[in-house]
Student: 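I have a structure I would like to understand better, so I am pasting it below and will then ask my questions one at a time.
Each chain gets a letter, A, B and so on, in the order its sequence line appears, and its residues count up from 1.
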2 protein chains.
Amino acid sequence: MENQKERISSPFCPYVSVDCVLLGINEDKLSVLLVERKLLENNAVGYKLPGSLIYETEELDDAALRVMKEAVGYTQMSLRQFHTFGSVARTANKEDILWLEKESHTKVTRIVTVVYLALSKKGKTVNNLDKNETMRWFPVEDLPDLPFDHKSIVEESVNEIRNWVEREPAIIYEYLPSKFTAFQLRRTYEIIYNKKFDVRNFQKKMNLLGYIVPTDEMEVGVPHRAARYYRFNKVKYNKLRSSLNK
Amino acid sequence: MENQKERISSPFCPYVSVDCVLLGINEDKLSVLLVERKLLENNAVGYKLPGSLIYETEELDDAALRVMKEAVGYTQMSLRQFHTFGSVARTANKEDILWLEKESHTKVTRIVTVVYLALSKKGKTVNNLDKNETMRWFPVEDLPDLPFDHKSIVEESVNEIRNWVEREPAIIYEYLPSKFTAFQLRRTYEIIYNKKFDVRNFQKKMNLLGYIVPTDEMEVGVPHRAARYYRFNKVKYNKLRSSLNK
DNA sequence: TCAAAAGTGTTTAGTTTACACCCATGC
DNA sequence: GCATGGGTGTAAACTAAACACTTTTGA
């Protein structure tokens, strides 16, 4: 205890950053958005999660929103804190430190990063990047080498997103467009859970939920029977959820 | 983006602490362990969550374990990271800042705190405190005034512990002694979920689980029919769980 | 013999799973 | 007319919920 107090007398302040794991579906694969990391006069040295150190008077949540705004140009998504990674070993790789010190013009030792997680908006254009930067979707099953511990962060995020969908299915509908077909919804679940669902049972359950309402609109121009469009009714959803506290 | 880089050039380093929410059951109520906070020559000014700033080369998880070791004297518990609270407004209260600056002998502006959550070991003595400090269990439904945002941290933790128990029932058995009666198990669930469970259905389910095994031992000296003791079988538990990924 | 808690089964309702065929459309 | 995906129902298996009495023990 004495020892503790002594050490606390000269407290240690690490850097604090936020990193964002934006998951989406590309070519029927669960994918994550990564930005290119450049070093030495724009020679690309691989990809990383979009992220930033936080500002002095900036909330953590706001920092994450800022990072997303800068990356994909919009923030209407369930962006939520997931986990904080602060391992001393995170900065074990010399190259990562070099890059970071060049970026921040500061001597950097340890960085505690608060990771945020979200599902992207389906099909929304991702085009708000700095001219010098590029980004790409990578299937989570086929990631490139990543700096720091970004690889394990992504892997843990994929597990977590399933828990989120189970606890709060509404986030699925932030991913989907406001009108969607039963097939789109089912496919989304299949990709997130990485397993098949029976068509009939899925449809039946979807109808029972009560907050997915059919519209009069149908697909047009498809080379097969046109599918009906459905909408997510948030008011019904909230009512149904809030009465489950019996 | 330019703006961002500029601000990052002079990065901001907040203090980083860990706080621990240790939940337990006292007098049949879900309770949280709080330590007394002293100021001005040992005048107590209320209670707070046990916590500490982190050391330069200390892992976050290790800092949380250290805080628990110092507080309750043991660390055999499912102590896991829960959420990081970093609001600028956390340090809005002048009195909190005064206390903190006295404790740390440093000018403190913002603190980002990583909160850890655990169930205490049932009945284990809590006695490893600094002579000058005292601690107490408070029912979570009846908390005293707490500094910073500790009150809402506790409230969120109570919800979270239920999610944890659902996802990983094993943590219940770290709370219970190695031999426990069906009644103890049921009562524990009832208090954590704050609702009653049907005795017969509970017993039936308990037997079906497969990882709660009866022993030959019975209670002694009780003024009523003696209850059987059961044990949690971790090997069976892990086997049963790992095959659910079908 | 009484008070106090332990232990035990059955019925009903609800939920989940498995499974196969016809329908509408564009080409 | 054929390829493509949309849409539908039923039976069986399983899970969850409701519900009351007898047993054991100490005082």
Student: Rounded to whole angstrom units, what separation is found between the CG atom of B/Asp198 and the P atom of C/dA6?
Tutor: 14 Å
Student: Send over the distance from A/Arg187 CZ to D/dT4 P, rounded to a whole Å.
Tutor: 16 Å
Student: C/dA6, D/dA18, D/dG7: which one has an atom nearest the side-chain heavy atoms of A/Ala182?
Tutor: D/dG7
Student: For the side chain of A/His224, starting at C-beta, report the closest nucleotide among D/dG5, C/dA6, C/dG7.
Tutor: D/dG5
Student: If you check every side-chain atom of B/Arg225, which of C/dT10, C/dA5, D/dT10 has the closest atom?
Tutor: C/dA5
Student: In terms of relative ring orientation, are B/Tyr193 and B/Tyr189 parallel, tilted or perpendicular, with 30° and 60° separating the classes?
Tutor: parallel
Student: Where the side chain of A/Pro223 is defined as all heavy atoms beyond and including C-beta, which of C/dG26, D/dG7, C/dG7 is the nearest nucleotide?
Tutor: C/dG26
Student: What about the rings of B/Tyr173 and B/Phe180, do their centers lie closer together than 6.0 Å?
Tutor: yes
Student: Could you state the atom-to-atom distance from CG of A/Asn207 to C1' of D/dG6 in whole Å?
Tutor: 13 Å
Student: Nearest to the B/Phe183 side chain among C/dT10, D/dG7, C/dA6, which nucleotide is it?
Tutor: C/dA6
Student: Got a donor-acceptor contact below 3.5 angstrom from the B/Asp142 side chain to the B/Phe138 backbone?
Tutor: no
Student: CZ of A/Arg200 versus C1' of C/dC21: gap in Å, rounded?
Tutor: 8 Å
Student: So which one's nearest nucleotide on DNA chain D is more toward 5', A/Lys204 or A/Glu219?
Tutor: A/Glu219
Student: Of the nucleotides D/dA18, C/dT8, D/dG9, which has the atom closest to the B/Asn201 side chain?
Tutor: D/dA18
Student: Calculate the interatomic distance between B/Glu190 atom CD and C/dA5 atom C1'; express it in whole Å.
Tutor: 14 Å
Student: Send over the distance from A/Arg228 CZ to C/dT25 P, rounded to a whole Å.
Tutor: 12 Å
